[in-house]
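Data block below; observations after.
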Amino acid sequence: RAACQAAGGQRYVLGSIGPGTRLLTLGQTDWSAMHASYRTQIEGLLDGGVDALLVETCQDPLQIRCAVHAALRALEDRGMGPEQLPIMVSVTVETTGTLLVGSEIAAVAATLRRLPVASLGLNCATGPAEMTPHVEWLAKHWDRPVSVVPNAGLPILVDGRTEYPLQAEPMAQRMSGFVGDLGVSMVGGCCGTTTEHIGALRAMLDMASPASRSQVSFAPSTSSVFGAVEHRQQNSVQIVGERTNASGSRAFKRLLEAEDWDAIVELASEQSADGSHVLDVNVDYAGRDNVRDMREVVSRIAKGVDIPLMIDSTQINTIRAGLESCGGRAIVNSANLEEGEPKFDELCQLAREHGAAIVLGCIDDDPEEAMARTAERKLEVATRMFERATKVHGFQAEDLFFDPLVLPISTGMAQDRRSGLETIEGVRHIAKAFPDAQITCGLSNVSFGLKPAARVVLNSVFLHELQSAGLTSAIMHASKILPRTRIEDLHWEM
Ligand code: THG
């Protein structure tokens, strides 16, 4: 800080926050221990007068979220935010093409996209040549500045010693392409680089004319530890697997009781193999420690299954445990206005702190009709939630998943006979009012209590109608849905 001041000009101190020796996703430490340790480090850096924080050499998306979360808390306590003191992130892509835990660069970007990080880039592990495809991806798809800080090539053994082969001039030349062709904003050198390398980069920058990056495009996505999945699927709804649910599957409930975690991961894997794009995880179960179960189940699924998660619970502490246990970007399921705005706000805030998307169920605090039953009421509640989520909490429409709420039509009660039709019309209204938002539902609810064969037909027809009305996502059992051509006309019409 003092040296920068003495040197004058535009010089900044970046508070470097390295990865440590334990990875959250691999279960080598837990969120609260890592959070506390980051917090201590960040307080020291802030006391020392840094201009920005740089979370670098990141190997695990969950570790990044934990560090960013700790940084935001530390800034908040000093009456500041990331606008005053930027939080920068730099990840380490191994020669395998992913972070150490297996994350593709697209998974990292999806995870950080809705967090207030100022820049994203790469450092360490390889030289500039190996970084090229990932830098190109970031230049095209990341909407903020990109940084590139390579090693001086891949190390080689010379007379029993490791040496970094890339010399200052050729390194600077490689890097000039990143700046001039791809619009990279920050460059530097990691392992094996010397003052000579940094001098050559400085000289290169003095001559460079950075390319503009006006064509950046990013599809709204969730992410597992490994890869990103777009909210909008072509010719399909986003299929959210329903079976990892303690009240939605007897098999899952038994496995949870037996604490057979391996078999639970197996059940989750099967759903991915069956075509689910995302997995709903719900461990709500009276008499068990739901927070502990959520941690156990989510950390294991996140490590072993390659699709993103929807964290489903009526308890905010259980949802928090899920978010703190899964790398990548999840969907919170769900917030509603049943208990008024405080609980809605708390869930929105929690989702925002983790950069997550959120399901908003059409229920409010109306004393006559809390759960919206007509299409008009569904739109009315959705509108109230849309306003609050976007204006108060800063959500983008694309990250809101409205749930019009599907009720069983098979109860035999007169008041339930129209509920399927009202849901379809509700979807149409919501899709028209909020074309950029997502619409999801618990599809199988519609046929509770019917015989299995009838459920398959009813669920399939209902999905077809909802999709035509604008549904973009459904919590469902993928292998129990039939295409129109596999259902007899008579059954379809019934
Ligand atoms: N909206 C939102 N989230 C939800 C729901 C919703 N989460 C839970 C639920 N509803 C959606 N999930 C399921 C999961 C399973 C079933 C229905 C909805 C189901 N299961 C069979 C049964 O109970 O008969 C299977 C039984 C078994 O395999 O043992 O029908 O509406 N946002």
Side-chain angles (χ1 to χ4, degrees), residues 1-18 45 48-58 85-95 105 117-158 161-216:
R1 172 81 279 158
C4 282
Q5 230 101 36
Q10 288 197 316
R11 287 176 163 79
Y12 304 98
V13 184
L14 305 187
S16 166
I17 302 170
L45 292 168
V50 296
D51 298 302
L53 294 167
L54 171 61
V55 188
E56 44 96 348
T57 323
C58 300
L85 200 129
I87 303 167
M88 302 160 63
V89 175
S90 177
V91 299
T92 298
V93 179
E94 306 293 333
T95 49
I105 195 70
V117 305
S119 65
L120 175 58
L122 307 177
N123 77 286
C124 208
T126 73
E130 296 77 13
M131 285 183 177
T132 303
H134 316 299
V135 178
E136 283 173 350
W137 191 93
L138 285 173
K140 272 198 203 119
H141 302 296
W142 174 251
D143 60 351
R144 282 153 261 177
V146 173
S147 60
V148 184
V149 181
N151 292 347
L154 292 172
I156 48 171
L157 266 178
V158 180
R161 290 175 303 119
T162 44
E163 272 188 17
Y164 287 90
L166 191 59
Q167 301 300 308
E169 276 309 320
M171 174 152 170
Q173 195 137 38
R174 269 275 182 188
M175 301 291 277
S176 79
F178 290 157
V179 177
D181 301 337
L182 301 178
V184 162
S185 305
M186 287 167 276
V187 297
C190 201
C191 306
T193 62
T194 62
T195 50
E196 213 188 316
H197 290 80
I198 303 304
L201 288 175
R202 171 75 262 173
M204 178 275 285
L205 285 182
D206 287 339
M207 307 292 292
S209 43
S212 109
R213 289 178 53 226
S214 49
Q215 295 299 312
V216 175

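A distance of 5.0 Å separates CE of Met186 from OG of Ser147, quoted to the nearest 0.5 Å. Taking CG of Leu14 as the reference point, atom CG of Leu53 lies at 9.0 Å (rounded to 0.5 Å). Put simply, OH on Tyr164 and CG on Leu154 are 9.0 Å apart, with the number rounded to the nearest 0.5 Å. Here the straight-line distance linking atom CD of Glu56 with atom OG1 of Thr92 works out to 7.5 Å at 0.5 Å rounding. Rounding to the nearest 0.5 angstrom, the gap separating the CE atom in Met131 from the SG atom in Cys124 is 7.5 Å. We find the CG-CG distance between Leu138 and Leu182 to be 10.0 Å, quoted to the nearest 0.5 Å.
For His141, the ring-ring contact (aromatic ring centres under 6.0 Å, His included) criterion is met by Trp137, not counting sequence neighbours.
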Inset, instruction - Carefully, step by step, assess Ile17 and Leu54 under the rule side chain to side chain contact (heavy atoms under 4.5 Å, CB included). - result: CA-CA 6 Å; Ile17 302 170; Leu54 171 61; over 6 Å; no
Inset, instruction - Carefully, step by step, assess Val149 and Leu122 under the rule side chain to side chain contact (heavy atoms under 4.5 Å, CB included). - result: CA-CA 6 Å; Val149 181; Leu122 307 177; over 6 Å; no
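Considering all non-hydrogen atoms of both residues, Gly49 and Arg1 come closest at O-NH1, 2.7 Å. The two residues Gly189 and Met171 come nearest to each other via the heavy atoms CA-CE, 4.1 Å. The minimum heavy-atom distance linking Leu166 with Gly153 is given by the pair CB-N, 3.6 Å. Across all their heavy atoms, Leu85 and Val50 have their closest contact at CD1-O, 3.4 Å. Between Glu94 and Ala125, the shortest heavy-atom contact is OE1-CB, 3.9 Å. The two residues Tyr12 and Asp51 have their closest heavy-atom pair at CA-OD2, 3.1 Å.
Residue Gln173 qualifies as open at atom CD: its count of foreign heavy atoms under 6.0 Å is 12 or below.
Salt-bridge check for Asp143 with Arg213: failed, with every basic side-chain N at 4.0 Å or more from each acidic carboxylate O.
Among residues at least two apart or in separate chains, side-chain hydrogen bond (donor to acceptor under 3.5 Å, both in side chains) pairs with a member in residues 177-206 are Thr194-His197, Arg202-Asp206.
Test Asn123, Leu120, Val146 against Ser90 for side chain to side chain contact (heavy atoms under 4.5 Å, CB included) and you get one pass: Asn123.
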